[in-house]
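Note sheet for the following structure.
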Amino acid sequence: MRNLLNFILRYQFFFLFLLLGTAGILLTFANQQYHQTFFINSANTVTGNLLHTYSKLTSYIALRQQNQELANSLAHLMNTYEGSYLITDKKTFVSDDTLVVKRFRYMHAELTNNSVNRRNNYITLNKGARHGVKPDMGLITTNGVAGIVTHVSNNFSVAMSLLHSDMMLSVKLLKNDHLGTLIWEGYNYRQASMTYIPPHLEINKGDTIVTSGFSSVFPENVFIGIINDWEVKRGETFITAKVDLALDFNKLTHVFIVKNLLREEQDELEAQIIP
Amino acid sequence: MRINLKYPFLFVLMIVLQIFIFNNIQLSGYINPQVYIFFILILPVNIKGTVLLLLAFGMGLIIDAFTDALAIHALSSLFMAFFRPAVLRIFSDKIDPEDMSSPSYSNPGTVSLFFYCVILVLIHHSTLFLLELFRFTELIQTLSRILISSGITIFFIMIAFAFIGRSGD
């Protein structure tokens with residue numbers, strides 16, 4: 001017994017390593033299997049409160065700006081309020097009815113540069129700040145979404161093409177309105193991937209994909225393309241579908257720049273829910 | 001007395017920095033530096049082995065608690081701490097048992113310190129991301145995550161050594 005104790009004491013470093021290692025493996029894998037409630041997580045009293053306090057602290061930094069945005073939204077609402085308008089002539093046709101608000105305005109532009117062969121492609125347009133183009137406006141054609149404006153000079157603007165690794169487009173299946181995210185995985189400029197489709201959905205070859213209208217950049221129901229193939233990738237629980245793009249980026253010459261007239265309002269509101 | 005205060009302070013500081021700053025660096029899912037292990041790297045050269053293991057395991061467990069990662073940080077920190085004495089022996093041939101200083105730019109030298117960090121950070125990150133792989137992503141993706149995140153971690157750790165290693169002497 002004494003020899004055993006001596007042996008353990010002599011190699012205490014190694015034995016402690018084994019002991020702690022076993023404990024760690026048990027904590028990791030036992031919990032994974034049985035989904036037990038477990039005290040080592042971010043929802044317990046200590047960690048939960050600390051993380052909550054931290055987010056409260058950081059939210060204070062943006063408080064002044066949030067107040068400003070709130071006041072702006074209030075002023076905007078008061079401006080659009082029916083009582084702020086004086087009806088001068090009841091016989092005139094009112095195009096600016098408060099029941100119908102124009103949301104999107106379109107402007108035609110020609111491409112001055114374009115590429116399809118890089119991982120991150122950009123489109124250059126012949127309209128710029130002088131024509132009222134601003135960053136984050138969308139580019140569409142009758143065949144689908146082309147990109148989003150990122151940089152604007154006086155006479156030109158550069159847009160991130162749909163064929164860009166940072167591009168994530170909110171799309172939906174036309175037949176049942178289920179949402180997904182369109183990304184471009186490179187290589188083939190005629191094909192993009194629609195990800196995050198729930199696995200219980202029945203998907204057929206030829207299903208139509210359109211924009212969801214949930215982003216503040218593009219209108220709803222802009223035709224994107226049709227599904228060619230789909231799979232559940234290893235390690236993922238969602239379906240990823242290959243989408244044949246209706247728009248041929250190699251032939252692209254004209255686009256419409258979409259201005260969302262209500263965009264600022266939506267963005268400001270959405271910014272308020274992100275801490 | 002100063003040395004006794006320095007390490008508890010660093011222990012807390014590295015955990016706070018990791019949770020509130022470095023855990024928020026997650027560009028495109030690849031870069032996820034784990035700078036908290038700087039604490040394990042800067043512990044005295046002749047720290048008692050069992051204390052080293054307990055500190056590493058405990059620190060990993062605290063990080064796990066904040067990131068909902070079960071015990072994978074605890075396991076990878078433990079693994080790294082287990083190899084630390086052996087790696088230290090490679091770079092400093094004669095260790096004075098009375099010497100309670102930390103590894104620094106001057107003590108094993110800049111190049112030795114760098115490789116000491118590289119080896120241990122790679123051990124830690126490989127264990128961490130491979131343990132994560134059991135549940136999440138694919139192998140090639142994970143390998144690139146290990147390499148990219150290790151690079152960023154080593155960068156921050158070398159900066160930290162330049163600041164804290166000097167002022168602590």
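A note on names: the letters A, B, ... follow the listed sequences, proteins ahead of strands, and every chain is numbered from 1.
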Any A:L20 side-chain heavy atom under 4.5 Å of B:L54 side chain: yes

Listed by chain and number, what are the salt bridge (Lys or Arg N to Asp or Glu O under 4.0 Å) partners of A:D244, not counting sequence neighbours? none

More than 12 heavy atoms of other residues, nucleotides or ligands under 6.0 Å from CZ of A:F13: yes or no? yes

Turns out that what part of B:L53 lies under 4.5 Å from chain A's heavy atoms comes down to both

Does atom CD (A:Q266) have a neighbourhood of more than 12 heavy atoms from anything else shown, all under 6.0 Å? yes

When you look at OH of A:Y196, are more than 12 heavy atoms from neighbouring residues, nucleotides or ligands closer to it than 6.0 Å? no

Mind listing the closest non-hydrogen atom pair of A:G24 and B:A71 along with its distance? O-CB, 3.7 Å

Check each atom of B:F82 against the heavy atoms of chain A and say whether the ones under 4.5 Å are side chain, backbone, both or neither. both

Going from CD1 on B:I72 to CG on A:L27, what distance comes out if it is rounded to the nearest 0.5 angstrom? 12.5 Å

When rounded to the nearest 0.5 angstrom, what distance separates CZ in A:F17 from CZ in B:F83? 6.5 Å

Contacts of B:K48 that satisfy side-chain contact (heavy atoms from CB on, under 4.5 Å) - sequence neighbours left out: A:Q12, B:T50, B:V51

Might you confirm whether atom CD of A:E202 has over 12 heavy atoms from other residues, nucleotides or ligands at distances under 6.0 Å? no

So for B:A56, is it side chain, backbone, both, or neither that comes closer than 4.5 Å to the heavy atoms of chain A? neither

